[in-house]
Amino acid sequence: QVQLVESGGGLVQAGGSLRLSCAASGRTSSSYAMGWFRQAPGKEREFVTAVSWSGGVTYYADSVKERFTISRDNAKNTVYLQMNSLKPEDTAVYYCAAGLSIATMKLGGKFWGQGTQVTVSS
């Protein structure tokens with residue numbers, strides 16, 4: 001079992017930046033691929049980005065490429081999401097997820113955090 005706790009959400013103006021963190025705990029949590037998903041009001045949860053257990057492979061949704069960066073620090077069991085040039089359409093609850101393989105992370109994770117709200121004002 002892996003427990004995930006997100007932090008770092010908040011309110012920011014368009015064009016601003018935020019960094020989300022996801023602290024993982026539990027057995028062999030550093031061996032999992034990690035990812036971020038988001039869900040806007042009235043919409044389905046969507047894939048944002050994922051990183052392999054080693055940090056060497058990353059995937060991004062087209063909507064966030066060149067603006068968001070995922071990284072991980074396995075020594076701290078923490079995954080980060082640096083979000084730059086934020087847009088109002090990035091407003092959503094952001095969820096951290098852990099999965100067995102980065103190849104399947106776009107479909108969802110095996111373990112989920114509770115989510116953190118990100119609101120971008122225009």
Side-chain angles (χ1 to χ4, degrees):
Q1 194 78 3
V2 175
Q3 295 78 41
L4 304 172
V5 178
E6 303 98 333
S7 62
L11 174 64
V12 64
Q13 288 188 333
S17 299
L18 278 176
R19 189 176 82 154
L20 306 183
S21 299
C22 173
S25 61
R27 193 170 181 178
T28 65
S29 59
S30 63
S31 64
Y32 285 87
M34 300 293 292
W36 291 92
F37 293 74
R38 66 187 181 186
Q39 186 168 19
K43 296 186 177 181
E44 293 186 353
R45 188 177 298 184
E46 65 174 0
F47 169 79
V48 176
T49 180
V51 61
S52 62
W53 71 269
S54 68
V57 179
T58 56
Y59 293 149
Y60 293 93
D62 288 343
S63 59
V64 305
K65 281 181 180 177
E66 309 300 328
R67 300 189 299 122
F68 290 12
T69 302
I70 189 170
S71 61
R72 67 188 297 164
D73 184 339
N74 286 341
K76 296 182 179 180
N77 288 328
T78 302
V79 176
Y80 304 98
L81 179 62
Q82 178 66 44
M83 304 185 294
N84 299 327
S85 302
L86 283 161
K87 305 175 181 179
E89 51 264 43
D90 293 319
T91 295
V93 177
Y94 283 70
Y95 296 91
C96 178
L100 297 177
S101 169
I102 190 174
T104 59
M105 279 301 295
K106 290 182 180 180
L107 302 177
K110 182 176 177 67
F111 304 102
W112 294 89
Q114 293 299 307
T116 184
Q117 176 70 46
V118 171
T119 303
V120 184
S121 63
S122 58

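No hydrogens, no waters, no symmetry mates; every other heavy atom, side chains included, goes into these values. Position 1 is the first residue of the sequence, and the numbers go up from there.
- No continuous path of hydrophobic side-chain contacts links Phe37 to Leu81 [ILVMFWY only; heavy atoms under 4.5 Å].
- Residue Ala14 comes nearest to Pro88 through the heavy atom pair CB-CD, 4.1 Å, listed as atom of the first residue, atom of the second, then distance.
- Between Phe111 and Tyr32, the ring planes are perpendicular. Angles over 60° get that label, and only those under 30° would be called parallel.
- Remark: side-chain polar atoms of Arg45 are not paired, donor with acceptor, to backbone N or O of Val93 under 3.5 angstrom.
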Can you list the steps and then say if Trp112 with Cys96 is a side chain to side chain contact (heavy atoms under 4.5 Å, CB included)? CA-CA 6 Å; Trp112 294 89; Cys96 178; over 6 Å; no
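- Using a cutoff of 4.0 Å between basic side-chain nitrogens and carboxylate oxygens, Asp62 and Lys65 are scored as salt-bridged.
- Contact annotation: the side chain of Met83 never approaches that of Val64 to less than 4.5 Å [non-hydrogen atoms, C-beta and beyond].
- Here the closest heavy-atom approach between residue Gln82 and residue Ser17 is recorded as NE2-CB, 3.9 Å.
- In this structure, Phe47 has its ring center at least 6.0 angstrom away from the ring center of Tyr59.
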What verdict does the side chain to side chain contact (heavy atoms under 4.5 Å, CB included) test give for Ser21 and Lys76, after you've listed the backbone C-alpha separation in whole Å, the side-chain angles of each residue and the deciding distance to 0.1 Å? CA-CA 11 Å; Ser21 299; Lys76 296 182 179 180; over 6 Å; no
When you look at Tyr95 and Leu4, which way does the side chain to side chain contact (heavy atoms under 4.5 Å, CB included) test go after all the steps? CA-CA 9 Å; Tyr95 296 91; Leu4 304 172; over 6 Å; no
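- In this structure the side chain of Met105 never reaches within 4.5 angstrom of the side chain of Thr49, judged on heavy atoms.
- Minimum heavy-atom separation, Arg72 to Ser52: NH1-O, 2.9 Å.
- In this structure, Glu6 contributes its side chain and Gln114 its backbone to a donor-acceptor pair below 3.5 Å.
- Closest non-hydrogen pair, Gln3 versus Gln1, comes out as NE2-CG, 3.3 Å.
- Val79 and Leu20 fall within a single hydrophobic cluster, where Ile, Leu, Val, Met, Phe, Trp and Tyr side chains are chained together by heavy-atom contacts under 4.5 Å.
- The cluster map of Ile, Leu, Val, Met, Phe, Trp and Tyr, joined by side-chain heavy atoms under 4.5 Å apart, puts Val5 and Trp36 in different clusters.
- The nearest pair of heavy atoms linking Ile102 to Ala33 is N-CB, 3.5 Å.
- Note: the hydrophobic cluster containing Met34 does not contain Tyr80 (ILVMFWY, side chain heavy atoms under 4.5 Å, direct or indirect links).
- Inter-residue side-chain proximity for Arg67 and Asp90 is flagged as met; some heavy-atom pair is nearer than 4.5 Å.
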Stepwise, does the side chain to side chain contact (heavy atoms under 4.5 Å, CB included) test hold for Gln13 with Leu86? CA-CA 8 Å; Gln13 288 188 333; Leu86 283 161; over 6 Å; no
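- The backbone N or O of Trp53 sits less than 3.5 Å from a side-chain atom of Asn74, completing a donor-acceptor pair.
- Remark: the backbone N or O of Ala23 is not paired with any side-chain donor or acceptor of Thr78 at under 3.5 angstrom.
- In this structure, Tyr60 contributes its side chain and Ile70 its backbone to a donor-acceptor pair below 3.5 Å.
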